[in-house]
Amino acid sequence: MKFPLSTTILVLSAAAISSATAFVPSSLTFAKSGVTSIATAEITTSPTNYYGVSSTRLGVSIPEAKGLLKDIEKFGDFDPDDEDDDDDEKSQKLLDVTIKALEVLDGERSSVSDDVIMSEVAADQVSVSRRPVLTEYSDEGEEAEKGEFEEGKAGSNAIFGGALSILRALRKQGVKRSTIGFTTYPRHPEYPDVDLSGAMKMMDGAPPLNQIFNAKKLVRLIRRALQTLIAYDRLGGRDAAANAETKEAAYQTAFTKSQLLGIFPNPLDVLPLPKHTVEHWEEDKEVARQFLCGTNPVMVNVAKEIGQLSDNIVDYFGNDKLQDLVDEKRLFFVSYDDLADLEVNPHQAYPLPKNKDKPQDQPRYCYAPIIAFVLGEDRKELDILGIQLERTPDAPIYTRDNSGVNEWLFVKSCVTTADSNIHEWCSHLGDTHLTMEPHIIAIYNILRKEKHDLYTFLKPLCKDTLLLNWAARRTLAGFGEGAFGDKQSSIGVGQFMQVIGKRWSRYSFFEKSSLPSELASRGFDEDIDMPGYLYREDGMKLWNAYGEFAKDFVDEVYDSDDDVASDKIVQEWAIETTDASKGAVPGFPTSFKDKATLVKVLQTLMWIPSGLHAAVNMPQYDFYAYVPNKPLGMRADLKALPNDDAEIRSWMFENHFPHVSGEYETALTAAQTVHLLTLPSNTCIDNLSRQFDGVGEESYTKFVENLDKIGDVIEDRNKESKNSGKAVYSYLNPSVVPASIDI
């Protein structure tokens with residue numbers, strides 16, 4: 001089992017990447033990281049070794065197991081980032097206690113006994129949502145993590161090694177820092193001639209200790225990881241996949257059963273089957289719907305003219321047909337142009353020169369496809385018109401009518417693989433995690449340091465992100481041997497960093513990160529009638545509420561434009577964010593002269609870590625857990641496709657989709673990983689009243705009233721959808737939208 005817990009439970013894990021994002025290897029193992037040093041640029045280049053472990057259950061001595069997390073819980077409401085309680089000594093103690101607990105779980109301080117039950121795993125789970133929210137897995141609106149989790153036995157005694165490596169490195173280097181330095185990304189060792197310094201700035205060194213998770217979150221992360229391990233153990237581990245009747249059936253062995261004996265609710269159903277995805281993933285309209293309401297709803301474009309499409313597509317369908325669709329505003333497309341420029345394809349899972357002892361026999365392929373969609377005449381559903389996989393003058397256009405049934409399935413999977421790579425590394429990691437980092441540093445250095453009133457508004461938007469990003473650069477996006485991003489994805493770490501850098505070269509703060517401007521850049525003007533684009537529908541509701549909240553807050557702080565212009569601290573913040581030697585954020589105001597500009601900045605800064613990140617992170621379980629729906633890497637291309645269409649389906653599960661078993665297995669960990677990556681936040685946008693108990697209290701109270709109205713509209717729509725057998729879209733319900741990038 002190879003599961004870099006450090007990537008998913010930051011401190012227990014790094015993102016998502018979430019910092020991250022994304023999947024980790026095999027049957028639920030937490031990777032042991034060989035980090036031995038921290039480079040100035042904070043990209044891990046030392047070896048990272050992943051140790052496979054058996055399904056032996058974890059056991060610790062009863063004195064150590066009893067109250068395993070109690071010492072962490074004793075810190076209560078202590079928040080290391082509370083400027084009124086900026087106690088690095090206390091933060092160090094919290095870190096030490098957490099490391100001690102993980103050492104016990106890792107088996108480094110205790111003997112392994114298969115008979116000892118982890119009593120802490122049975123602890124009640126705290127309901128973190130302020131209001132009930134309907135999801136695919138609930139019959140009625142339910143609070144997140146409601147109910148109890150019965151006692152059980154967790155996975156291997158080596159599972160928490162990766163998290164320990166991260167925390168120990170942080171403990172060793174973390175110091176009290178009144179300011180955080182900016183630096184640039186170094187060159188990747190696989191591509192030494194490619195300069196990455198033009199990408200967004202990052203933090204120089206480890207995060208200050210006041211940026212570690214608070215005690216409550218540490219406990220929740222550990223318990224969620226243990227829940228996942230116990231559930232996996234009850235599933236039978238990797239044996240269940242190996243013993244499945246077919247390779248296709250093996251991909252469903254990662255999920256727990258909703259009922260016991262077909263009658264009783266299963267208290268261990270913590271990895272539920274994403275039923276809608278499993279039942280509909282092959283359907284064209286479902287593939288199209290996911291471009292509007294799935295993990296990556298920020299790629300689809302409105303075709304304003306047929307010249308936006310390739311000559312191949314125009315020649316195949318004809319000018320007249322396509323022009324009619326353009327005129328009716330019913331033609332849409334996605335073009336993965338950034339992938340077309342990558343030079344290494346296929347990319348090896350263990351690329352040289354970082355893995356000199358690894359055979360180069362694990363290729364990962366990726367196309368740069370163009371997919372065209374047509375909106376139904378009733379404007380309710382999107383459907384696939386055609387797909388072009390290759391970027392050559394004679395590249396064929398695939399449609400459901402000119403392709404075999406299984407050939408068409410393969411072509412669609414090539415598109416979803418390309419989309420997964422752009423989603424995880426660009427839309428998710430790049431456009432949210434890494435984009436926010438220079439902003440958070442500038443806010444920390446100026447507004448937090450000076451205890452400015454604006455920090456009251458911005459503090460909840462910055463929570464936990466620096467730690468997640470730092471850990472992601474040591475795990476998900478590491479520049480070293482056996483890097484997660486190389487093993488799991490088709491394009492690899494060095495190349496996805498190239499794409500992130502290229503996209504940043506086109507970046508402008510308001511144009512790219514302001515929701516209306518970003519939508520307009522893809523052709524979604526206000527006159528485009530498309531009610532099924534729920535990311536836009538719900539997102540604009542939040543965006544407008546954010547704008548009203550930001551205006552009310554600014555009005556509380558400033559009486560006039562002159563007050564803003566004369567505020568030296570705010571002007572310092574603008575310089576810190578934009579100066580080429582500091583934040584260097586393109587398009588951010590170099591100074592503030594009026595309240596309206598400040599309002600727009602606060603509105604945009606609130607959208608990036610909350611609404612946008614929620615939209616690209618929180619759907620991951622529903623769409624990535626069942627790997628064939630959204631593969632992150634593919635093991636074969638068109639050249640290997642069987643000639644007989646009847647053979648293609650079984651061939652895809654055997655040779656094309658990510659490994660489901662064996663030495664390189666990756667698929668089975670998808671459900672466990674995204675289960676952790678979608679941990680509900682306990683600081684959602686409607687649950688911040690403690691933060692606004694002074695300045696901004698009146699503004700925030702009004703804001704929550706608006707959010708409740710938005711939540712009611714979304715809940716009513718989702719109930720109607722569920723009753724009619726349709727998928728629900730709950731990711732932008734305010735009660736489940738985190739205020740920050742905190743997972």
Side-chain angles (χ1 to χ4, degrees), residues 6-7 10 14-21 35 37-46 166 169-170 173-175 177 179-189 191 194-208 211-212 424-426 428-446 448 461-480 483-485 493-505 507 509 512-513 576-586 588 605 608-609 613 740-742:
S6 49
T7 47
L10 217 281
I17 54 235
S18 355
S19 242
T21 78
V35 174
S37 64
I38 299 184
T40 301
E42 280 308 304
I43 300 288
T44 297
T45 57
S46 53
I166 293 291
L170 180 62
Q173 299 189 50
V175 294
R177 302 169 67 182
T179 59
I180 301 172
F182 296 92
T183 191
T184 58
Y185 283 85
R187 297 174 187 245
H188 189 277
Y191 309 95
V194 180
D195 184 7
L196 298 177
S197 64
M200 62 281 286
K201 294 292 185 70
M202 66 174 179
M203 175 175 55
D204 183 6
Q211 296 299 298
I212 67 172
E424 288 293 6
W425 307 127
C426 298
H428 184 189
L429 176 63
D431 293 348
T432 63
H433 284 262
L434 303 187
T435 290
M436 274 301 292
E437 187 161 347
H439 290 292
I440 294 172
I441 296 171
I443 291 166
Y444 184 96
N445 289 347
I446 305 300
R448 182 186 190 276
L461 313 183
C462 303
K463 187 174 179 59
D464 296 342
T465 308
L466 291 182
L467 177 59
L468 286 166
N469 289 3
W470 177 75
R473 286 191 286 268
R474 305 171 69 82
T475 51
L476 289 174
F479 281 19
F484 166 80
V493 175
Q495 292 192 131
F496 75 60
M497 285 304 304
Q498 292 176 36
V499 176
I500 288 173
K502 181 182 296 185
R503 287 163 65 102
W504 186 253
S505 71
Y507 180 85
F509 177 68
K512 178 61 180 177
S513 294
E576 186 81 3
T577 306
T578 59
D579 188 277
S581 64
K582 296 182 179 181
V585 176
F588 193 90
L605 284 176
I608 299 169
H613 183 258
S740 68
I741 301 168
D742 62 1

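Closest approach of I180 to I441, counting heavy atoms only: O-CG2, 3.4 Å. Across all their heavy atoms, L196 and P186 have their closest contact at CD1-O, 3.3 Å. Here the closest heavy-atom approach between residue P189 and residue F479 is recorded as CG-O, 3.4 Å. Nearest heavy-atom pair, I608 versus F509, reported as atom, atom and distance to 0.1 Å: CD1-CE1, 4.2 Å. The two residues P207 and M203 come nearest to each other via the heavy atoms CA-SD, 3.6 Å. When all heavy atoms are compared, the tightest approach of A206 to L170 is CB-CD1, 4.3 Å.
Listed by chain and residue number, N469, R473 satisfy the side chain to side chain donor-acceptor pair (under 3.5 Å) test with E437 (two or more places apart in sequence, or in another chain). With sequence neighbours left out, K512 forms a side chain to side chain contact (heavy atoms under 4.5 Å, CB included) with D431, R503, Y507, E518. Legend: residues meeting side chain to side chain contact (heavy atoms under 4.5 Å, CB included) with R187, ordered by chain and number and at least two apart, are D195.
Distance CD1/I741 to CG/D464: 11.0 Å, rounded to 0.5 Å. The line from CG of L466 to CE of M202 is 12.5 Å long, rounded to the nearest 0.5 Å.
With a 4.5 Å cut-off on side-chain heavy atoms, H188 and V493 count as touching. The shortest side-chain heavy-atom distance between M200 and I500 falls under the 4.5 Å cut-off. Side chains of L434 and W504 form no contact here, defined as non-hydrogen atoms less than 4.5 Å apart. Between Q211 and Y444 the shortest side-chain heavy-atom distance falls below 4.5 Å. Within the 4.5 Å cutoff, side-chain heavy atoms of Q495 are placed close to those of Y191.
Side-chain atoms of T577 never come within 3.5 Å of backbone atoms of A442 as a donor-acceptor pair (strictly under, hydrogens ignored). In this structure a side-chain-to-backbone donor-acceptor pair under 3.5 Å is missing from T184 to S197. Checking side-chain atoms of T435 against main-chain N and O of G430 turns up a donor-acceptor pair under 3.5 Å. Between the side chain of K582 and the backbone N or O of F182 there is no donor-acceptor pair closer than 3.5 Å.
Ring geometry for H613 against H433 counts as perpendicular: the plane angle is over 60°, on a 0 to 90° scale with 30° as the lower cut.
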Exercise for review: Starting from the C-alpha separation in whole Å, work towards a yes-or-no answer on side-chain contact (heavy atoms from CB on, under 4.5 Å) for V585 and H439.
Suggested key: CA-CA 8 Å; V585 176; H439 290 292; 3.7 Å; yes

